[in-house]
Protein chains: 2
Amino acid sequence: MPKLIDHDVKRLDIAQATWKILIKEGAGGASVRNIAKEAGITLGALRYYFTSQEELMAFTEELVHEKITEKAAEHFMADLAPHEKILDLLLGLLPQPQEELSASKARLIFKLQPKNTDKPYDTGRDSVYQAVKSVMSNLVMLNLLKKDTDLSLETDRLYALMDGLAMEGMLRGTGYNPYKAKNIIKTHLTSICKTESGDLY
Amino acid sequence: MPKLIDHDVKRLDIAQATWKILIKEGAGGASVRNIAKEAGITLGALRYYFTSQEELMAFTEELVHEKITEKAAEHFMADLAPHEKILDLLLGLLPQPQEELSASKARLIFKLQPKNTDKPYDTGRDSVYQAVKSVMSNLVMLNLLKKDTDLSLETDRLYALMDGLAMEGMLRGTGYNPYKAKNIIKTHLTSICKTESGDLY
DNA sequence: CTTTATTTAATACACTCGTATTATCAAATA
DNA sequence: TATTTGATAATACGAGTGTATTAAATAAAG
C-alpha cells in the first residue's frame, strides 16, 4: 500500500553513507545526524530503517567484511599464476590511493573501535585474517613454503605485517606509496617461500 | 606565597591520569571530566594546569614518546650480545600483559587518533619508527644483514610488523600471548640476517 | 474518493562535551 | 596578623550526542 521503496536497498544506501563518513571523519564523526545528512535523509528516516545506532554500525561492519571476503574470493579465482594471484590478493587488502569507499580503512576503523563489550578482538571474524589464512594454506598446498615452516607462526607474522601496512596506508593521506607496500609484500613472500624455484616474486 | 605545589610534578600527575584513562577507555573516554576524576582533582584544578584539552593531550603524547625513547636507549646500553639486545628492545616496544601504564598502547592510541590537522602521520616523530631505524642501522654496522638487503624496505617491513604486533597486543585484553610475539620477531630477525653465523635467534 | 499502512519530518528530552566565569580557600611574605 | 598570590571549587553556557514521541505526508488498496 505504501510507497514502493525497497527496504533493503535503502538500508544499503544508509550503510554506504556510514562507510563514507567513517573514512572521512573517523569513528568519532559517525553520529546519526552526520550519517543522515550524508545519506540525504532526516534523523527520523534513519531511525525508521535502523532502530539504533548500534544496529546500523553492526550492519555496516558486516557489509565491509562481506566486501573484503568477496574481493578476496575474486582474486583467488583469477586466471593468473599462483604467486601472482596471492600478491594481488594481499595488495587488495590494503588501502588504495584515491579509493572512495575503502573497505580496508573501514575495517581498520571498526577493528580499532573499542567495543563496550570487554571481550578481546576475535580474529576469527576478521575477513583479513581469514584471507591471510587462505593464502598460507594455499602456499602449503602448492608446496611453496620452506622446509620446517611453522605455519601458525608465519600466518600470524603475515597477518601482523598486513595490519601494519594497512594502518600505514590509512594514516598517510596523499603521500602514500602503494609501490612500497607491494615491494614489502613481495620481499616477505620471497622470504618465506622456497628459493629453489627461482625468484617468483 | 602560595601553596607549595610543584607545577611540573602536578602536570605529570595529570598526564599520567590521562594516560591511564586512555588505556582503560580509549581516546573516546578521555574527557576532561573523566581525567580530572582519575587524577582526583576537580575540573577547575585541571584547567589551571592545562589551559586546554589539546595542550594536555599534546603534553601526554610527548611524555609517552619520551618514555619509549628512554626505554629503547636503556636496552641499547644493556650488557648483552647484540642480537639479544635487539630482541629485547623490540619486545619492549610491544604491550606487555598486566602492564598498568603501557607506553606501547598509549602510543598506538595517539597514532590512531585522527588529528584535526589533515596532515598525514609523521613517522619521523614516531619513537617506535626511530627505534626500528636504530635497530636496522645497528644490524648494518655489525654486518649481520644478508647481502643485497634493501635497508629502507626492510626498515619499513619491520616497522609495519611491529605496528601490527602492537595492535594485536592492544586489542587482545587478557588472552594475549607475548611468547608468540617473541617467536615472530625472532623468526623475522633470523630471516633478514645472515645464516652463516649460525642461528643467532 | 476514502481508507489505511508505510514513510517522512519535526521537535523534545536527558545526557555529556569543552570551555568560561566567579567566588572561595590556603599559605607564605610583609 | 594582614595581605597577596597560588590553587581550588562550583556553577553555567552553548553545542552535540542517542533516543523517543508525535504529527504529517505519501501512495496503494478498497
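In what follows, chains carry the letters A, B, and so on, assigned in the order in which the sequence lines appear, proteins first and then strands, with residues in each chain numbered from 1.
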Fill in the blank from the handout: Between CG of B/L46 and P of D/dA9 the distance, given in whole Å, is 12 Å
Completion exercise
Ranking B/G44 and A/G44 by the position along DNA chain D of their nearest nucleotide, the one closer to 5' is B/G44
Exercise for the section: Evaluate whether atom NZ of B/K37 has more than 12 neighbouring non-hydrogen atoms of other residues, nucleotides or ligands under 6.0 angstrom away. Expected result: no
Problem - Distance in angstrom units between B/M57 CE and C/dG18 C1', rounded - result: 11 Å
Handout entry: Value rounded to 0.5 Å, distance of CG in B/L139 from SG in B/C193
Key = 5.0 Å
Handout entry: Gap between atom CD of B/Q130 and atom OG of B/S137 - 0.5 Å precision
Key = 11.0 Å
Practice task
Tell me, please, which residues at least two apart from A/T149 pass side-chain hydrogen bond (donor to acceptor under 3.5 Å, both in side chains).
Solution key: none
Problem - Closest to the A/Y49 side chain, choosing from D/dA20, C/dT8, D/dA7 - result: C/dT8
Practice task
Round to a whole Å and report the spacing from CZ of A/F50 to P of C/dT7.
Solution key: 14 Å
Completion exercise
Bend of the helix from C/dC1-D/dG30 to C/dA30-D/dT1 from end-axis comparison, five pairs per end, nearest 10°, comes to 20°
Practice task
May I ask you to test the A/D126-A/R107 pair for a side-chain heavy-atom distance under 4.5 Å?
Solution key: yes
Problem - side-chain N/O A/Y48 vs C/dT8 OP1/OP2, d < 4.0 Å - result: no
Exercise for the section: For C/dT6, take OP1 and OP2 only and decide whether either is under 4.0 Å from a side-chain N or O of A/K10. Expected result: no
Handout entry: Phosphate OP1/OP2 of C/dA20 contacted by B/R47 side-chain N/O (<4.0 Å)
Key = yes
Listing, residues 60-68 of chain B side-chain donor-acceptor contacts under 3.5 Å, not counting sequence neighbours, or none:
from: B/T60; atom 1: OG1; to: B/L56; atom 2: O; distance (Å): 2.8
from: B/H65; atom 1: ND1; to: B/S127; atom 2: N; distance (Å): 3.3
from: B/H65; atom 1: ND1; to: B/S127; atom 2: OG; distance (Å): 2.7

Practice task
Using heavy atoms and a sub-4.0 Å distance, could you list which residues of residues 11-20 of chain B are near DNA chain C? By number, please.
Solution key: none
Name the atoms and distances for all side-chain donor-acceptor pairs under 3.5 Å in residues 14-29 of chain A, with sequence neighbours left out.
from: A/T18; atom 1: OG1; to: A/I14; atom 2: O; distance (Å): 2.9
from: A/W19; atom 1: NE1; to: A/S102; atom 2: O; distance (Å): 3.1
from: A/K24; atom 1: NZ; to: A/E38; atom 2: OE1; distance (Å): 3.2

Handout entry: Atom pair CG (B/D150) and CD1 (B/I192), whose distance is rounded to the nearest 0.5 Å
Key = 12.0 Å
Problem - A/K182 NZ: over 12 foreign heavy atoms closer than 6.0 Å - result: no
Practice task
Calculate, to the nearest 0.5 Å, the distance between atoms CD and CG belonging to A/Q113 and B/L112 respectively.
Solution key: 11.5 Å
Practice task
Measure the distance from NZ on B/K37 to P on D/dA9 and round it to the nearest whole Å.
Solution key: 15 Å
Tabulated below should be each protein N or O lying under 3.5 Å from an N or O of nucleotides 12-17 of chain C; please produce it.
from: C/dC17; atom 1: OP1; to: B/S31; atom 2: OG; distance (Å): 3.1

Exercise for the section: Measure from the side chain of A/A45, starting at C-beta and using heavy atoms only, and say which of C/dT8, D/dT8, C/dT19 lies closest. Expected result: C/dT8
Practice task
Measure from CG on A/L56 to P on D/dG18 and round the result to the nearest Å.
Solution key: 10 Å
Handout entry: Mutual orientation of the aromatic rings belonging to B/H7 and B/Y49 [parallel < 30°, tilted 30-60°, perpendicular > 60°]
Key = tilted
